[in-house]
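Each chain gets a letter, A, B and so on, in the order the sequences are listed, and its residues count up from 1.
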Amino acid sequence: MPVKLYDTFSRSNQALSIPKDRPFYFYCCGPTVYGPAHIGNFRTFLVQDVLRRVLEIDGTDVVHVRNITDVDDKTILRSQEQNQSLAEFTEQWIERFHKDCKSLNLLSPTAEPKALDHIDEQIQLIEKLVEKDNAYQGKDGSVYFRVQSCEAYGKLNRIKQDELKTQSSNSAGQANLADEYDRESISDFALWKARKPEDGNNFWKSPWGEGRPGWHLECSAMVHSSFNGATIDLHGGGIDLCFPHHENEIAQSESAYEKPFCTHWFHSAHLKVEGEKMSKSLGNLYTLEDLEAKNYNLMAVRYTLIASSYRQPLNFTFDSLHASESALNKIERFAEALLEKLEQPVDTDSFNHNYVKTHAIKDHGLLQNAWESLCNNLNTAACLGSLFGVIGSNSISKMDSAEAEELLESLGTILYALGINLFTATAKDSNIPKAILELAEARWDAKQNKDYAKADALRKELLSAGWEIKDSSADYEIHPID
RNA sequence: GGCGCGGUCGCCAAGUGGUAAGGCCGGGGACUGCAAAUCCUCUACCGUCGGUUCGAUUCCGACCCGCGCCUCCA
């Protein structure tokens, strides 16, 4: 089934063209590693991850490259503040990023090139651009891309060059004026940034003197080297990268190599938190660590971040996290019921291993609609809607073992596409004070002895101490009240 | 000013030219000593005004409101 995706370039839904003679080339702009990634960053990476999974289930061999930007103003500045070498500094955040990716169940990219490992290619690219007169060295020693030399500049964002220049006159453009004198045109952007004192030891040699690569250039060079100079099939990133970053990538690559840079463009919308734009000052730049500290299941975080349209801004709220937890729970009950239908019942612990994977199935059975929704521009909301429709239809009550097995495979495939593992919520390991444990134990004893008055009194006492008791038939649990 | 997105039940959110999926919350019920959990069950005419049409929430136009990018940013 063809996978359709909204293509930013053509501004329309397009069936992705899958090459027949080679894998599908998918490049994503990855993180700049100057600190922990926040959930907004992860939204983009998660959406890309789901797309990749859908393609793979569909039988497409995907080469997924996601770079790491390990040199820029922020990484340099922060490393110096920490008295660390740039490499030392970025290494810790790369590790942290990998850890976070793992806990969100993101598949590892096929390759993860780092900008600093590709300085040579970047210099070669600049040389090419200088040679072809697409670039020049400015008065400050930096090398700039001559936007005027690229007729097609602006085609991704549908911006006209003459409009770009006039932008300096409006409020948004004011900041641009600062270093206008260094370059020919306000819209020219840096390919190579000349060394400055504040860069410390962080500079590299180039034909234009010491300095460091510009951000836009890094991606062009890494795309080129990662895919051996081929035109790539899909390029992804947050919507904010659409301009100027991706526009600049196109300009650099197409000017230098004289062939189309990329066929489809894939941008995901941003995240708000509790209705507000994420920002440090508002204290709402949540990291996974923050959410874990609040005892949220990271699978619910994943669910929240992928459950609605990736093209729409998403308002991340704690309400939505709770809703996701409940929804996940509902899916778990459904899976559990299916597992019980099997002739040789499988316990929930092995569910993910046995079923959440790429089954080689053509027919998704009851979940065919759910699957088709995913293929239709990654419509995860409709997919989940179909899934819950099946869950609510009570269709499993009459199922035999074989039918349950089949549905489990379909379910597992859909969950794999979404990257959702079930039954991952770990018992919240609160440190329960001894006194509370004793009270709870006393209450349980009273209940067993049918001394309900005493049991209820103890429950109340526990409640006022901030602890809640939940009974099952054979046991009880103690939870702190939020 | 330029480019772009959106306004659907209390919240979140799909969708279609023929009278609107789903999730959460809430109400009712079952079950349970109670509570929790679980299960069953209930609730919308789609921003405003025009137009096209046999018929529009879905197409077109205007307007109102909200938002993003145009500067580092997933």
Side-chain angles (χ1 to χ4, degrees), chain A residues 8 11 28-32 34 37-48 66 69 72-74 154 156-160 162-164 166-178 186-187 189 215 236-245 247 267-272 275 277-279 303-305 307-317 319-331 333 336-337 369-370 373 376 379-392 394 447 450-453 455-456 459-460 463 468-473 476-477 479:
Chain A
T8 315
R11 309 273 163 93
C28 301
C29 292
T32 301
Y34 62 90
H38 57 251
I39 52 178
N41 297 312
F42 282 116
R43 179 188 196 191
T44 294
F45 301 139
L46 283 166
V47 166
Q48 293 161 347
R66 186 181 61 212
T69 299
D72 80 322
D73 290 333
K74 280 180 195 156
L156 175 63
N157 289 277
R158 306 196 176 180
I159 296 171
K160 291 177 187 144
D162 48 337
E163 284 167 1
L164 267 177
T166 61
Q167 276 174 19
S168 57
S169 60
N170 68 29
S171 59
Q174 277 171 357
N176 266 340
L177 291 168
I186 191 95
S187 48
F189 56 91
W215 175 51
I239 187 67
D240 52 297
L241 298 187
C242 197
F243 189 89
H245 186 57
E247 196 69 59
H267 292 103
S268 40
H270 274 194
L271 195 66
K272 286 180 152 198
K277 190 170 176 173
M278 289 191 304
S279 76
Y303 185 102
T304 305
L305 293 175
S308 58
S309 169
Y310 73 88
R311 293 197 56 216
Q312 233 38 66
L314 171 62
N315 185 18
F316 184 92
T317 63
D319 267 359
S320 66
L321 257 188
H322 284 123
S324 297
E325 284 185 335
S326 298
L328 276 176
N329 192 249
K330 200 164 190 170
I331 300 173
R333 295 289 78 74
E336 222 165 23
N369 285 340
S373 293
N376 182 20
N379 193 336
T380 46
C383 169
L384 289 164
S386 297
L387 172 58
F388 283 110
V390 171
I391 290 176
N394 201 19
K447 181 182 169 174
K450 304 207 173 184
D451 185 352
Y452 296 126
D456 287 349
R459 181 199 285 284
K460 264 189 188 168
L463 214 57
E468 193 181 16
I469 306 291
K470 292 180 183 174
D471 292 346
S472 61
S473 54
Y476 64 91
E477 290 172 9
H479 299 280

Checklist line | C1' gap between B:C69 and B:G50, integer Å | finding: 32 Å
Note to self: Has A:Arg43 got a side-chain atom pairing as donor or acceptor with A:Gly238's backbone, closer than 3.5 angstrom?
What the structure shows: no
Check: Hey, is the side chain of A:Asp240 pairing donor to acceptor with the base of B:G68 inside 3.5 Å?
Finding: no
Checklist line | Interatomic distance at P, B:G1 relative to B:G23, whole Å | finding: 44 Å
Check: Does A:Asn157 reach the main-chain N or O of A:Pro244 with its side chain, forming a donor-acceptor pair under 3.5 Å?
Finding: no
Item checked: 5' precedence on RNA chain B between A:Glu468 and A:Ser386 (nearest-nucleotide basis) -> A:Ser386
Check: Looking across every strand, which nucleic acid part, if any, lies under 4.0 Å from A:Gly237 by heavy atom: base, sugar-phosphate, or nothing?
Finding: sugar-phosphate
Next item on the list: Using whole Å, report how far CD of A:Glu336 lies from C1' of B:U38.
Entry: 10 Å
Note to self: Both atom distances under 3.5 Å, Watson-Crick or G-U wobble: I'd like the secondary structure of RNA chain B as a dot-bracket string, with | for pairs made across strands.
What the structure shows: (((((((..(((.....[...))).(((((.......)))))....(((((..]....))))))))))))....
Check: Has A:His270 got its ring stacked on the base of B:G68, with centres under 5.5 Å and planes less than 30° apart?
Finding: no
Check: What nucleic acid atoms does A:Lys330 come within less than 4.0 Å of, heavy atoms only: base, sugar-phosphate, or nothing?
Finding: sugar-phosphate
Notebook entry, point to check: Can you name the one residue among A:Thr304, A:Leu305, A:Ile39 that meets side-chain contact (heavy atoms from CB on, under 4.5 Å) with A:Leu46?
Noted result: A:Leu305
Checklist line | A:Asn329 CG to A:Ser324 OG distance, which is reported to the nearest 0.5 Å | finding: 12.0 Å
Next item on the list: Send over the distance from A:Asn376 CG to B:U16 C1', rounded to a whole Å.
Entry: 13 Å
Notebook entry, point to check: Yes or no on side-chain contact (heavy atoms from CB on, under 4.5 Å) for A:Ile469 and A:Tyr476, after CA distance, side-chain angles and deciding distance?
Noted result: CA-CA 7 Å; A:Ile469 306 291; A:Tyr476 64 91; 4.2 Å; yes
Check: With a non-hydrogen cut-off below 4.0 angstrom, is A:Gly385 in contact with a base, only sugar-phosphate, or nothing?
Finding: base
Margin query: Say we look at B:G51 and B:U58: how far apart would their P atoms be, to the nearest angstrom?
Written below: 14 Å
Next item on the list: For A:Ala381, answer base if it contacts any base atom (sugar-phosphate contacts may also be present), sugar-phosphate if it contacts only those atoms, and nothing otherwise; contact means non-hydrogen atoms under 4.0 Å.
Entry: base
Next item on the list: Classify the nucleic acid contact of A:Ser309 as base, sugar-phosphate or nothing, counting any heavy atom under 4.0 Å across all strands shown.
Entry: sugar-phosphate
Next item on the list: Look at the side chain of A:Arg459 against the base of B:C34 and say whether a donor-acceptor pair falls under 3.5 Å; ignore hydrogens and angles.
Entry: yes
Margin query: Categorize A:Gln312 for me: base, sugar-phosphate, or nothing, with a 4.0 angstrom heavy-atom threshold over every strand shown.
Written below: sugar-phosphate
Next item on the list: Look at the side chain of A:Lys74 and decide which nucleotide, out of B:G23, B:C24, B:C72, has an atom nearest to it.
Entry: B:C72
Margin query: Does a side-chain N or O of A:Thr32 approach OP1 or OP2 of B:A74 to a distance below 4.0 Å, or not?
Written below: yes
Margin query: Would the distance check show the side chain of A:Glu247 and the main-chain N or O of A:Leu156 forming a donor-acceptor pair, the cut-off being under 3.5 Å?
Written below: yes
Check: When all nucleic acid strands are considered with a 4.0 Å heavy-atom cut-off, which category describes A:Tyr452: base, sugar-phosphate, or nothing?
Finding: base
Notebook entry, point to check: Within the structure shown, what part of the strands sits under 4.0 Å from A:Leu271 by heavy-atom distance: base, sugar-phosphate, or nothing?
Noted result: base
Item checked: Note, A:Phe316 side chain near A:Leu271 side chain (heavy atom, < 4.5 Å) -> yes
Next item on the list: Check every strand shown and say whether A:His267 touches a base, only sugar-phosphate, or nothing at a heavy-atom separation below 4.0 Å.
Entry: nothing
Checklist line | Pairwise C1' distance for B:C11 and B:A44, with rounding to whole Å | finding: 14 Å
Note to self: Here's a test of your reading of the structure: between A:Arg311 and A:Ala327, which maps to the more 5' nucleotide of RNA chain B?
What the structure shows: A:Arg311
Margin query: Could you tell me how far apart A:Leu241 (CG) and B:C73 (P) are, to the nearest whole angstrom?
Written below: 7 Å
Check: Tell me: NE2 of A:His322 to C1' of B:C25, nearest whole Å?
Finding: 12 Å
Notebook entry, point to check: Roughly, in whole Å, what's the span from CG in A:Asn329 to P in B:C25?
Noted result: 10 Å
Next item on the list: Could you check whether A:Lys450 gets within reach of a base, just the sugar-phosphate, or nothing at all, counting any heavy atom under 4.0 Å?
Entry: nothing
Next item on the list: Would you state whether a donor and an acceptor, one from the side chain of A:Asp471 and one from the base of B:C34, lie under 3.5 Å apart?
Entry: yes
Next item on the list: List the steps and the verdict of side-chain contact (heavy atoms from CB on, under 4.5 Å) for A:Phe388 and A:Ile331.
Entry: CA-CA 8 Å; A:Phe388 283 110; A:Ile331 300 173; 3.8 Å; yes
Margin query: Does A:Ser320 reach a base, just sugar-phosphate, or nothing at all? Heavy atoms under 4.0 Å.
Written below: nothing
Item checked: Atom P, compared across B:C24 and B:G18: separation rounded to whole Å -> 29 Å
Next item on the list: Quick one: label A:Asn379 by what it contacts on the DNA or RNA (base, sugar-phosphate, nothing), any heavy atom closer than 4.0 Å.
Entry: sugar-phosphate
Check: To the nearest Å, how far apart are A:His245 NE2 and B:C70 P?
Finding: 14 Å
Next item on the list: Considering only atom C1', compute the distance from B:C63 to B:A74 and round it to an integer number of Å.
Entry: 35 Å
Margin query: Using whole Å, what does the distance between atom P of nucleotide B:C34 and atom CG of A:Asp451 come to?
Written below: 16 Å
Check: With rounding to whole Å, what would you report as the distance between B:U57 and B:A14 at their C1' atoms?
Finding: 13 Å
Checklist line | Side-chain donor-acceptor contact under 3.5 Å, A:Asn41 with A:His38 | finding: yes
Note to self: OP1 or OP2 of B:G2 versus the side-chain N and O atoms of A:Arg158: is any pair under 4.0 Å?
What the structure shows: no
Item checked: B:C9 and B:G15, which share atom name C1', separated by this distance in whole Å -> 15 Å
Notebook entry, point to check: Considering only side-chain heavy atoms of A:Lys277, which listed nucleotide, B:G68, B:C39, B:A74, is closest?
Noted result: B:G68
Check: How long is the gap from NZ on A:Lys447 to CG on A:Asp471, to the nearest 0.5 Å?
Finding: 3.5 Å
Checklist line | Minimum-distance pair of heavy atoms, taken over all atoms of A:Ala37 and A:Phe42 | finding: CB-CE1, 3.5 Å
Check: CD of A:Gln48 versus P of B:A74: gap in Å, rounded?
Finding: 12 Å
Notebook entry, point to check: Looking at B:C25, B:A74, B:C70, which one has an atom nearest to any side-chain atom of A:Ser326?
Noted result: B:C25
